[in-house]
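Model, not experiment: these values are computed from the prediction. Note on naming: letters A, B, ... go to the chains in the order of the sequence lines (proteins, then strands), and numbering restarts at 1 for each one.
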Amino acid sequence: MEFKRRNGGPPMGGASQAKRGKSVGEWEDSPSQFEEELSMFEDAEMEAEEMEGQAGHDVIPVGDLFSADLNPRWRRPHAPSLDSSSDTLVFQGLCWPGMPGQSQGKVPIIRMFGVTDSGNSVCCHVHGFAPYFYVTAPNGFTSDYLGEFKRELNSAVLEGHAFSFAFPAGMYGYHGKRSLDFLRITMAMPRLIAPAKRLLEQGFKFGPFPIQNYQSYEANIDFEIRFMVDSDVVGCCWIELPKGKYRLREEKSMEITDSQYPGKVDVGWTDLISHPAEGDWQRIAPLRVLSFDIECAGRKGIFPEPDKDPVIQIASMVQRQGETEPFIRTVFTLQSCASIVGSQILCFTQEKQMLQSWAEFLRTVDPDIITGYNIQNFDFPYLLNRAAALKVNLFPYLGRVRGIKSVLRDLNFQSKQMGRRENKTINMEGRVQFDLLQVLLRDYKLRSYTLNAVSFHFLQEQKEDVQHSIITDLQNGNEQTRRRLAVYCLKDAYLPLRLLQKLMCVINYMEMARVTGVPLTYLLSRGQQIKVVSQLLRQAMKQDLVMPVVKTEGGEDYTGATVIEPEKGYYSVPIATLDFSSLYPSIMMAHNLCYTTLLQKGSAEKLGLSPEDFIKTPTGDLFVKSSVRKGLLPEILENLLSARKRAKAELKKETDPFKKQVLDGRQLALKISANSVYGFTGAQVGKLPCLEISQSVTGFGRQMIEQTKQLVESKYIISNGYQGDAKVIYGDTDSVMVKLGVATVKDAMDIGREAAEWVSSHFTPPIKLEFEKVYYPYLLINKKRYAGLYFSSSADTHDKMDCKGIETVRRDNCPLVANLINTCLQRILIDRDPQGAVAHAKEVISDLLCNRIDISQLVITKELTRTAQEYAGKQAHVELAESAKSQQRSSQGTFHIE
DNA sequence: GAGGATACCTAA
DNA sequence: TAAGTTAGGTATCCTC
């Protein structure tokens, strides 16, 4: 997304700005491009404000900080008056902090935060919904026993609970028409669910029934998810409170800071209406996004410690979602600071006062989303710890609920996907913490995750040039050096906003929340499983099915996909590539694989099923066909994929660029969601693993790729009138690379398309083999390592050079190696000059050996960087050069193929 | 130096 | 108190 230029100002600086080093003196004379950009914000706003009769102020006396006259933009707009008897209240739901601290009486209340179209925030108290779970009812249980069961359980759990009786069926396994009876046990508080469950599982006796271990169901569902599923609310959807069905809360005190808090309403949980994200309900409220960055004055060579080193500056930028520029640009500084055009500087002599004022600023601005770079593990923890050290007692109230303190906690997050990760968390009711670093770590594989590297990668822009080591010196200088620091700090607050916008993070995450049904905050704080659970529960509820709680224990791994043995070599003929699109989802749909369709050992006979009623998978597992019962997972997948088709069709005809972004985000979310269902069933340490499903899926996949190879090689042969004998030279999981024996890309495309269609006809829909691309030429180095020129859109020109698994795409090499290999591959594939490739490699190595290469090119991997930090100067140089040399020597071997 | 275990990262 | 899967290449360290 391009930044809007104004007043014919200079275009945004690319790399040039970064290379320009500045001494302190030089700085004062030549404002950076970022400063010019800031001043342009000001110009634009002056024009606007002249009409409002307000002037901007550079430096504001602290006493007037929060006066509405001086900072009219800080506050949210005045809420339109609302009459609950005649007006409906509509808002986009954002945050579910679950239960308030205490339930009132025996009835739990859920807080739900959101923002209206006019940009006012709402805190909606939802009444009447209580957490619950199920257990299987003992044989012979009738409703007559409810009272006794309840009394017995109550006396054991020591807390009141409501109680009801339900007849859903278990989800796991197909049991014919037999349906177990379930007891639905409703508790007053979410935290009572676990003890009640434990009690019933470990052996519970009541009335005439013998002591029994009760199997529990859905006792491990987060309360927020429980509520959202039951009330058909998905993350970030629009919520309507119909007129007459809700009550406005009257605020008791009218202190000046009051309007910063959301408008509070009460509603019964069955009265709120949620709107599916379609048509007008796809829109996004004008959320307030705050980005901030802090600077600390550390001691020489020591990482700043909050109990010793002061916070000296806090820069903040606030932007409304959907707009292109921040409307608040502020730096809080300790000691004086020269003015910066286009931003507001607030100077403090006391650090304590600065911190307190910033907290007040945050509460006044009342952001819905807070971003920044590593704010979760650095800025917020530092601020909280520093505020505690200085006893700024009013600081740590950063959420939207008065009186709830924001507390720092350590959190250990571990998964096979992400490894072990230690994180800190801060509770902040009603606001979404959207740390850009966390977003990037989850969604992008990058060589470096520093803000500087990331900004350069995505925006071709870099940080202001200030070394960490001189921050303290700048602070101890004069108002000009502190100004330099402030510009740096502002930019560090600005870049995350720009990145958020460029990568469309907010939109994409919202669409993911809407598609999977989980709250926005879950997407950054939780793993993949919860998204599938949320969808599974929604689908199960429609069929009166309940989800069992399974104990998680790791077991044997199961067999995965086939990788066809590659016929390694360099191919100077077109190689067609055929792919099964969405292989695993389509297998699950085609064969109706699901928890609810699985036949356990002997079930087929017991239930008297005929052989036409079920299938046997390649791994020997049995599943009933959809004619007997349609599985939940296939249904979920069909919904996801058909929704994706719709989104793509809408995307095609949509002209509004903003709606286009939303739709693109949606189709992406739908694709990712469909692909993660298989992984969920195979996650042995998970909420509901089912290896019969996952191993059947991969089993079918293995069979299919094998069959595809045979089909292609049997039909596309000379004796059938084709130009050559087809040969599958490689294939991995869902794809085959075929040498068709044709000379041109066009022929390869034509036959490839034909073959894909013909092979597809041998499989059950929606399984479909598609022609995807032609590689020409193609270099097949090994399993999962190849490169080729990629022809897809046109038979005349290649779209790109595609490299898989080679050093060029791996992050455990230094760029020198990646560049070397990349150039060599270009020589081979594009120039068709393998000798040139060898010559280039030799040249680079000789440069390296003769010390003609800058050491900075060698340092990149985490290991090397760490090593570099441990060793000093020359020693590091030698160490790293050795390492790079050995990597190059070995990778040179790659090119002995020709 | 062959062979095994491990770490890391990628393909799909 | 939460955590998607398996296959597989390459580098590196260790043992015999």
What nucleic acid atoms does A:G682 come within less than 4.0 Å of, heavy atoms only: base, sugar-phosphate, or nothing? sugar-phosphate
Could you tell me how far apart A:I781 (CD1) and C:dG8 (P) are, to the nearest whole angstrom? 17 Å
Pick base, sugar-phosphate or nothing for A:G805, based on heavy-atom distances below 4.0 Å to the nucleic acid. sugar-phosphate
Working for side chain to side chain donor-acceptor pair (under 3.5 Å), residues A:D732 and A:Y786: CA-CA 12 Å; A:D732 185 345; A:Y786 61 82; over 6 Å; no
Nearest whole angstrom, please: distance from the P of C:dG8 to the CG of A:D557. 13 Å
Closest nucleotide among C:dT10, C:dA3, B:dA12 to the A:R785 side chain: C:dT10
Closest non-hydrogen atoms of A:D799 and A:S792, given as atom of the first, atom of the second and distance, are OD2-N, 2.8 Å
Counting just side-chain N and O atoms, does A:Y786 come under 4.0 Å of either OP1 or OP2 of B:dA12? yes
Name the closest nucleotide to the A:K445 side chain, picking from B:dC9, B:dA12, B:dT10. B:dT10
How is A:V809 classified with respect to the nucleic acid when contacts are heavy atoms under 4.0 Å: base, sugar-phosphate, or nothing? sugar-phosphate
For A:T552, report the nucleic acid contact type (base, sugar-phosphate, nothing); a contact means any heavy atom under 4.0 Å. base
Whole angstroms only, please: what is the CD1-C1' distance between A:I806 and B:dA11? 12 Å
Could you check which of B:dA12, C:dA2, C:dT6 has an atom nearest any side-chain atom of A:R526? C:dA2
Identify, between A:K687 and A:T698, the residue whose nearest nucleotide on DNA chain C lies closer to the 5' end. A:K687
Of the listed nucleotides (B:dA12, B:dC8, B:dA11), which one gets closest to any side-chain atom of A:D734? B:dA12
The side chain of A:V685 lies closest to which of these nucleotides: C:dA3, C:dA2, C:dT6? C:dA3
Give every donor-acceptor pair under 3.5 Å between a side-chain atom in residues 576-594 of chain A and any protein atom, sequence neighbours left out.
from   : atom 1 : to     : atom 2 : distance (Å)
A:S586 : OG     : A:S582 : O      : 3.0
A:S586 : OG     : A:L583 : O      : 2.9
A:H591 : ND1    : A:I587 : O      : 3.4
A:N592 : OD1    : A:G631 : N      : 2.9
A:N592 : ND2    : A:V624 : O      : 3.1
A:N592 : ND2    : A:R629 : O      : 2.9

Starting from the first five and the last five pairs of the helix from B:dG1-C:dC16 to B:dA12-C:dT5, work out the angle between the resulting helix axes, to 10 degrees. 10°
Would you indicate what A:D222 reaches in the nucleic acid, counting non-hydrogen atoms under 4.0 angstrom: base, sugar-phosphate, or nothing? sugar-phosphate
Donor-acceptor contact present, side-chain A:S676 to main-chain A:G679, <3.5 Å: no
Can you tell me how far the CG atom of A:L779 sits from the CZ atom of A:R785, to the nearest 0.5 Å? 10.0 Å
Between C:dG4 and B:dA12, how far is it from one C1' atom to the other, in whole Å? 14 Å
Side-chain atoms of A:Y558 come closest, of C:dG4, B:dA11, C:dT6, to C:dT6
Which nucleotide wins on minimum distance to the side chain of A:K783, given the candidates B:dT10, C:dG8, C:dG4? C:dG8
Tell me, do A:I729 and A:Y778 make a side-chain contact under 4.5 Å, heavy atoms counted? yes
Check the pair A:D443, A:Y509 against side chain to side chain donor-acceptor pair (under 3.5 Å), reporting the backbone distance first and the verdict last. CA-CA 11 Å; A:D443 298 346; A:Y509 270 67; 2.8 Å; yes
Send over the distance from A:L637 CG to C:dG4 P, rounded to a whole Å. 17 Å
Can you tell me if the side-chain N/O atoms of A:N782 get under 4.0 Å from OP1 or OP2 in C:dT10? yes
Nearest whole Å is fine: how far is B:dA12 P from A:K671 NZ? 13 Å
Of the nucleotides C:dT6, C:dA7, C:dG4, which one has an atom closest to the side chain of A:A683? C:dG4
Identify which nucleotide among C:dT10, C:dA3, B:dC8 has an atom closest to any side-chain atom of A:R810, counting heavy atoms from C-beta outward. B:dC8
Residue list, side-chain contact (heavy atoms from CB on, under 4.5 Å) with A:A669, at least two apart or on another chain: A:M512, A:V515
Salt-bridge contact A:R514-A:E511 (side-chain N to carboxylate O under 4.0 Å): yes
Atom OH of A:Y730 and atom C1' of B:dA11: how far apart are they, to the nearest Å? 7 Å
Nearest-angstrom distance from the residue atom CG of A:D812 to P of B:dC9: 6 Å
Check the distance between C:dG8's P and A:K804's NZ and give it to me in whole angstrom. 17 Å
